[in-house]
There are 2 protein chains.
Amino acid sequence: MNIRTLCLAILNFGQATGYEIKKMSSDTHYAYFVDASFGSIYPALSKLEVEGCLTSHEEREPGKPARKVYSITDKGRLELVSHMSDAPKKDIFKSEFLLIAMCAEMLERETVRKAIDNRILQLEEELKFIKDSSEETEHEGTKWIAGYGYACQENSLKYLIENREKLESLAQASSQELEPAE
Amino acid sequence: MNIRTLCLAILNFGQATGYEIKKMSSDTHYAYFVDASFGSIYPALSKLEVEGCLTSHEEREPGKPARKVYSITDKGRLELVSHMSDAPKKDIFKSEFLLIAMCAEMLERETVRKAIDNRILQLEEELKFIKDSSEETEHEGTKWIAGYGYACQENSLKYLIENREKLESLAQASSQELEPAE
DNA sequence: AAGACATATATCGAAATGATATATGCCCAA
DNA sequence: TTGGGCATATATCATTTCGATATATGTCTT
């Protein structure tokens with residue numbers, strides 16, 4: 001998905017500045033769609049405004065930096081619905097942890113153990129984040145994707161805890177550890 | 001993760017051409033790490049060879065295009081292990097389907113239904129692919145990540161089937177459908 | 001009073017994508 | 001038998017995106 005659609009989707013839930021869109025696309029559930037940078041968001045907003053999909057107004061409060069607040073137009077809403085009515089692309093899943101797991105035999109046991117601990121922590125944080133954001137919203141669609149995400153991550157965590165020993169045993173024994181002979 | 005590490009990881013399991021690396025990074029379990037294009041793989045291989053992490057030899061068979069086959073060197077293996085010993089970055093998950101789900105209320109019921117059917121098909125294909133590739137390999141690390149991936153996708157599919165009606169009910173009733181009045 | 005942090009916009013080099021060009025050989029169907 | 005489609009193979013390039021940095025202001029803490 002491109003940044004245009006992300007901006008339109010976020011602005012469809014309320015007006016926002018480029019800065020806020022960037023924060024949301026990195027720190028909130030919007031991060032499940034695309035992760036965008038300032039360098040892609042600001043040009044996308046300018047172009048969308050020129051095309052009439054967005055309008056903007058400046059908010060000036062003395063002392064504070066001027067805020068350029070964008071709002072979606074009917075044309076923008078049309079483009080958003082039109083894009084979402086096309087068949088969605090395949091989900092993207094990329095994991096550096098899985099690379100380490102696949103290559104466990106090349107690594108020291110301690111390295112693998114740390115990578116697993118690290119990932120368990122990440123999954124626990126993710127679960128807490130999803131739980132919190134689900135409780136904060138009344139929006140049904142957002143609640144649904146939160147429920148889906150929670151179930152998936154919960155199962156991922158469960159499997160990892162139940163199968164970590166098998167993975168650790170593939171790694172090279174650390175120097176201070178005893179390992180049964182072949 | 002960058003393309004360099006992907007190339008080293010793949011070549012650590014055996015020599016290959018740029019073309020084969022691209023195919024593997026798109027079509028096999030290597031796609032869980034990064035998805036790379038020709039435009040990033042060829043320059044990465046050239047640079048790695050200059051740096052002494054790879055060697056190459058040309059294979060010429062009459063009639064066939066010349067193959068530039070790359071092999072990993074000890075230096076390359078060192079860089080690979082070194083990179084994998086750092087703490088892995090967070091997993092990346094991006095889903096256009098979840099955007100559609102979140103925005104279900106804006107869309108027609110038929111659109112949402114198709115998106116769900118489509119995703120169920122994708123998950124089923126993915127499960128079959130993981131099962132097949134797990135059966136084809138004897139490599140324990142590869143088997144472990146296949147088992148992990150299978151468990152995660154299986155649960156994802158199960159949840160989706162069990163909760164699709166709730167999601168569909170958020171969408172706008174299609175014109176030919178009856179919906180109970182508010 | 002200073003330093004860290006958050007808000008806010010903007011730009012830019014480097015990296016990566018996605019598409020296209022070029023070339024060869026093989027296989028199958030009209 | 002020939003021609004189209006497909007697979008192999010390398011290479012390039014415009015466009016997109018990232019990640020870092022610059023600039024500015026205000027607040028909060030120590």
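Chain letters run A, B, ... following the sequence lines, proteins first and then strands; every chain starts at 1.
Look at B:Tyr19 and you won't find any side-chain N or O under 4.0 angstrom from OP1 or OP2 of D:dT10. Using a 4.0 Å cut-off, no side-chain N or O of A:Ser40 falls inside it from OP1 or OP2 of D:dT17. Under 4.0 angstrom from either OP1 or OP2 of C:dT7 there lies no side-chain N or O belonging to A:Thr17.
The aromatic rings of A:Phe13 and A:His139 stand perpendicular to each other, their planes meeting at an angle above 60°, with 30° marking the opposite boundary. Using the six-membered ring where Trp is involved, B:Phe38 and B:Tyr19 have ring planes that are parallel, under 30° apart on the 30 and 60° scheme. In this structure, B:His29 and B:Phe33 have perpendicular ring planes: the angle between them is above 60°, well past the 30° mark.
Considering only side-chain atoms of B:Arg67, the nucleotide from D:dA9, D:dT8, D:dT10 that sits closest is D:dA9. The side chain of A:Ile3 approaches D:dC18 more closely than any other nucleotide in the set D:dC18, C:dA8, D:dT12.
Under the side-chain contact (heavy atoms from CB on, under 4.5 Å) test applied with A:Ile72, the options A:Thr55, A:Leu11, A:Leu48 reduce to a single match, A:Leu11.
Judged by distance alone, with hydrogens and angles left aside, the side-chain atoms of A:Ser134 form no donor-acceptor pair with the main-chain N or O of A:Lys143 at under 3.5 Å.
DNA chain D is contacted by both B:Gly18 and A:Ala36; B:Gly18 maps to the nucleotide lying nearer its 5′ end (nearest heavy atom per residue).
Defining each end axis of the helix from C:dA1-D:dT30 to C:dA30-D:dT1 as the rotation carrying four pairs' C1' atoms onto the next four, with five pairs an end, the two axes are found to diverge by 20° to 10 degrees.
Contacts of B:Gly39 with the nucleic acid, taken as non-hydrogen atoms under 4.0 Å apart, include base atoms.
Taking hydrophobic clusters as Ile, Leu, Val, Met, Phe, Trp and Tyr residues chained together by side-chain heavy-atom distances below 4.5 Å, A:Tyr42 does not share a cluster with A:Tyr70.
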